[in-house]
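Just follow the structure's listing: the first ligand is 1, and inside any ligand the first atom is 1.
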Amino acid sequence: MSSPVVTVVTPVFNEEAVLPELIARLTALFDGNPGCTWRAVLVDDGSRDQSVAVIRTHVARDPRFELVELSRNFGFQSALSAGLAQAATSDAVITMDADLQDPPEVIPAMVEAWRGGADVVRAVRRSRSESGLRRVGFDAFHRLFGKLTDYPIEPNTGTFGLLGREALATFNSLPERHRFFPGLRAWIGFNTADVSYDRQERAAGQPQQSFKRLVRYALDGLFSFSHLPLRALTYAGIFIAFAGFAAAIFYAARRIIGIETAPTGYTTLVTVVLFLGGVQLIGIGVLGEYLGRVYDEVKRRPNYVVKQPGRTRARDNSGSTT
Ligand code: UDP
Ligand code: MG
């Protein structure tokens, strides 16, 4: 493994403002670290701006870069899967956001850790630049996720990291549609090493993932890595059934002994009926979350559709074809 092929996989959605800087910084990284054969796979996730044109122009100039164009916007997780599939023959892949919140300058340290024997390297944030609602949401999600699943993800990690050959092959062979990358990375196991870094502000442009999408990924993470919501329902059902049974005995006993109260209790009844109705609806909702996901999985529709497959290069940068 004298000069391993390391591919940087980056989903791109409406990032025309950051692309020039991204490309420049990746190029600097590639040129400055001749120990690896570098590649970059930029996956266009149905951008509506000039992103594709910018990438295409660069790809024509620098054969280390490659464009995979999806047929529409499939979302970050799907775009990432498309990129990982495209990079399947690499010795290692780096998964990274396009907006430079994940600084490419950390990559050599990850490659170093991988060469030192790690199969999976996670970039761990020393600091985080998000604030406000997103911040609160991220924190709450990590706390809940850590409690609910057997595969807790380190709270300060995101997508940024490295997968070695085996880990990549394993990830690519996972059959599921609802993908939550950090959770799956924790699930596949392997020797994992951490590299710490400072999370940056977005280099330019606006966050492209809507809050709604993030909530959906959070739910995907929870429901695909935990059966606890289902079990909680069972426990709630058992508890409420017991409480109901005890109440029945209590009221029946009072009637038998003769301390019957007048038929008031309208408030109590309304409370009980509404409470039970609520619990049942929540139960149906939770079942629905699982059922919907089961439905999506059995349809076996692909995670993404590629409009323009990237050229796979089984050759080096010298320009000679194999
Ligand atoms: N992204 C994508 N598809 C989308 C939304 C975002 O491929 O539908 C990409 C985006 O271009 C960026 C990465 O996913 O490279 C992270 O997006 P963003 O910075 O908006 O998310 P955040 O930093 O808030 O998690
Ligand atoms: Mg971002």
Trainee: Are any of the N or O atoms of A79 closer than 3.5 Å to those of ligand 1?
Mentor: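 Checking ligand 1 against A79, no N or O pair falls under 3.5 Å apart.
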Trainee: Applying a heavy-atom cut-off of 4.0 Å, say which part of D97 lies close to ligand 1: side chain, backbone, both or neither.
Mentor: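 Contact part for D97 vs ligand 1: both backbone and side chain.
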Trainee: Can you tell me which residue among R293, R300, K299 is in a salt bridge (charged side-chain N to carboxylate O under 4.0 Å, His left out) with D296?
Mentor: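 Filter result, single survivor: K299.
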Trainee: Same hydrophobic cluster for V5 and V43, using side-chain heavy-atom links shorter than 4.5 Å among ILVMFWY?
Mentor: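 No: no chain of side-chain contacts under 4.5 Å links V5 to V43.
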Trainee: For the atom pair OG1 (T10) and CG (L42), what is the distance rounded to the nearest 0.5 Å?
Mentor: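 Nearest 0.5 Å value for the OG1-CG distance: 6.0 Å.
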Trainee: E15 heavy atoms, cut-off 4.0 Å: which ligand 1 atoms fall inside?
Mentor: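 Once the distances to E15 are compared, the set is 10 (C), 11 (O), 12 (C), 15 (O).
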Trainee: Need the ligand 1 atom indices (1-based, order shown) with element for anything under 4.0 Å from a heavy-atom of G75.
Mentor: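 It comes down to these atoms of ligand 1: 3 (N), 8 (O).
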Trainee: Under 4.0 Å from a heavy atom of A98: give me the atoms of ligand 1 that qualify, with their elements.
Mentor: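 Atoms satisfying the 4.0 Å criterion: 12 (C), 15 (O).
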Trainee: Atoms of ligand 1 less than 4.0 Å from V12 heavy atoms?
Mentor: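 Once the distances to V12 are compared, the set is 7 (O), 11 (O).
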Trainee: Can you measure from OG (S71) to OH (Y304) and round to the nearest 0.5 angstrom?
Mentor: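 Going from the OG atom of S71 to the OH atom of Y304 covers 11.5 Å.
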Trainee: In the hydrophobic clustering that connects Ile, Leu, Val, Met, Phe, Trp and Tyr at side-chain heavy-atom distances below 4.5 Å, which members other than F13 occupy its cluster, ordered by chain and number?
Mentor: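 Its cluster mates, by chain and number: none.
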Trainee: Can you confirm if the NZ or CZ of R231 lies within 45° of the ring axis of Y235 and under 6.0 Å from the centre of its six-membered ring?
Mentor: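 Ring-cation test returns no.
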Trainee: If you measure every N/O of N73 against every N/O of ligand 1, is any gap under 3.5 Å?
Mentor: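 N/O-N/O distance below 3.5 Å exists for this pair.
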Trainee: In D99, what N, O or S atom is nearest to the Mg ion (ligand 2), if we give its atom name?
Mentor: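 It is OD2 of D99.
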Trainee: Closer than 4.0 Å to some heavy atom of Q101 - which atoms of ligand 1 meet that?
Mentor: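 In order of number, 19 (O), 23 (O).
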Trainee: Taking non-hydrogen atoms only, is R199 closer than 4.0 angstrom to ligand 1 via side chain, backbone, both or neither?
Mentor: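 It is the side chain that touches ligand 1; the backbone stays farther off.
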Trainee: Checking L163 against W114 for the side-chain contact (heavy atoms from CB on, under 4.5 Å) test, could you report, in this order, the C-alpha distance in whole Å, the side-chain angles of both residues, the deciding distance, and whether it holds?
Mentor: CA-CA 8 Å; L163 298 179; W114 168 63; over 6 Å; no
